[in-house]
Engineer: 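I'd like to ask you about the structure that follows.
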2 protein chains.
Amino acid sequence: MKGIIEHLIEELTRLPGIGRKTAQRLAYFIVSMPAEEALSIADAIRDVKEKARFCRQCFNITDSELCHICASPERDHSKICVVEEPSNIQVIERTGFYKGLYHVLLGALSPIDGITPERLKIRELLERLKQTRVDEVIIATNPNTKGEMTAQYLKEVLAPLGVKVTRIAYGLPMGGDIEFADEVTMSKALEGRREL
Amino acid sequence: MKGIIEHLIEELTRLPGIGRKTAQRLAYFIVSMPAEEALSIADAIRDVKEKARFCRQCFNITDSELCHICASPERDHSKICVVEEPSNIQVIERTGFYKGLYHVLLGALSPIDGITPERLKIRELLERLKQTRVDEVIIATNPNTKGEMTAQYLKEVLAPLGVKVTRIAYGLPMGGDIEFADEVTMSKALEGRREL
């Protein structure tokens, strides 16, 4: 018979970036935690699996029909930021800078993998723009080949709607060192220069 | 209302070494995992909290009266390896080298913190040695001040029992570089030299 700790360690190693040693450290920490705190983690995992679904408007992950961002009257409903994945929303939310809504494509164009526009939530974005008044669509797909292709495609299909379409800026990461910037980033940083 | 993902992220940051970014990565991974795998992690956490207790013989963590090591007829019951914490057992088990039993002290002597011999499972170790025939007690407390003090103390209290008492070896860590060895480790490595 294997020990229960051993079992928990094995379960934890299913998670990405959690190797055997980390899982071990976590498992013994969990054993020593107040029971209610540990059970609260277990419940949060269970909840997310039992209740998680996509927001019917923006495809963020939520446990209700509309996600907490779409449902909030405090958000600026005249702006929609388009991202590839629900997790990207967290990254933008953390900045505290953006107060608008989102639209998750659930992927990026990649014809070679069979990811055509119909496979993404683009039709739903167009529907949304037809039904509500939106001033600006900010495209925040990844700064890589697929993300760029998706941004270009969106620019084209959004053009007839007459809505302002913007793309997040490229440039040097803050706190970075010019010495270590790759050529593409550096070119983008020069190209995007602004008057001080 | 906060999102369920946001809630899971917060719960995961309770764990040691899990910062906000890692928690986020884990949470989105959990959302995308097959439900049964994720629930199996949740259950393992719940199990460990609801069922974990100390083995009545060696004080390892277990869900039964005797831990799976003490209960195994395949282990060498004539050897007892004394460790400070249940987690230390995992480290030794991973080597696959040791086939004997364990005894967990649940700490190390530290008079300054009020950790006297009575606070550790030393009396229980002596009882165990009186009741069963044991050929060797291997002291595997930490190679630091408290661990050394504990090892010395054990050596003294075990002497009258006439059992062979050994201490795990000190020396250079494998794969390490002499260049980076501290003086104490290097002295111990020299002192413990063996004929080739």
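Here is the naming used below: chain letters follow the sequence lines, and residue numbers restart at 1 for every chain.
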Engineer: Heavy-atom pairs under 4.5 Å with chain B: which of A/Ala52, A/Ser40, A/Pro86 has the most?
Structural biologist: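 When all of A/Ala52, A/Ser40, A/Pro86 are compared, A/Ser40 has the most.
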Engineer: So do the side chains of B/Phe29 and A/Arg14 get within less than 4.5 Å of each other, counting heavy atoms only?
Structural biologist: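 B/Phe29 does not reach A/Arg14 side chain to side chain.
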Engineer: For B/Lys49 and A/Ile30, indicate whether the former's side chain and the latter's backbone hold a donor-acceptor pair under 3.5 Å.
Structural biologist: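 Yes; judged by distance alone, with no hydrogens or angles, the pair exists.
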Engineer: Main chain of A/Pro16, side chain of B/Arg25: is a donor-acceptor contact present, judged purely on distance under 3.5 Å?
Structural biologist: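 Such a contact is found between B/Arg25 side chain and A/Pro16 backbone.
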Engineer: Looking at B/Ile9, B/Asp47, B/Leu26, B/Ile18, which makes the most heavy-atom pairs under 4.5 Å with chain A?
Structural biologist: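 It is B/Leu26.
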Engineer: Measure the CG-OH distance between B/Asn88 and A/Tyr28 for me, rounded to the nearest 0.5 Å.
Structural biologist: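 The distance works out to 8.5 Å.
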Engineer: Among A/Met33, A/Lys51, A/Glu50, A/Glu93, single out the residue with the greatest number of heavy-atom pairs under 4.5 Å to chain B.
Structural biologist: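 Ranked by contacts with chain B, first place is A/Met33.
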Engineer: Of the listed residues (A/Gln24, A/Arg20, A/Glu85, A/Lys21), which shares the most heavy-atom pairs with chain B below a 4.5 Å separation?
Structural biologist: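 Max contact count across the listed options: A/Gln24.
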Engineer: Do B/Val48 and A/His7 have side chains that approach each other closer than 4.5 Å (heavy atoms only, starting at C-beta)?
Structural biologist: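 With C-beta onward as the side chain, the pair stays apart.
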Engineer: For residues A/Leu39 and B/Ile45, determine if any side-chain heavy atom of one lies less than 4.5 Å from a side-chain heavy atom of the other.
Structural biologist: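 No - every pair of side-chain heavy atoms lies 4.5 Å or more apart.
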Engineer: Going through the distances and angles, do A/Thr62 and B/Ile4 end up as a side chain to side chain contact (heavy atoms under 4.5 Å, CB included)?
Structural biologist: CA-CA 6 Å; A/Thr62 175; B/Ile4 40 173; 6.0 Å; no
Engineer: Evaluate the side-chain proximity of A/Asn60 to B/Ile5: yes if any heavy-atom separation is below 4.5 Å, no if none is.
Structural biologist: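 Contact flag for B/Ile5/A/Asn60 side chains = no.
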Engineer: Quick one: do B/Arg46 and A/Asp43 satisfy side chain to side chain contact (heavy atoms under 4.5 Å, CB included)? Show the steps, please.
Structural biologist: CA-CA 9 Å; B/Arg46 185 166 280 280; A/Asp43 289 344; 2.7 Å; yes
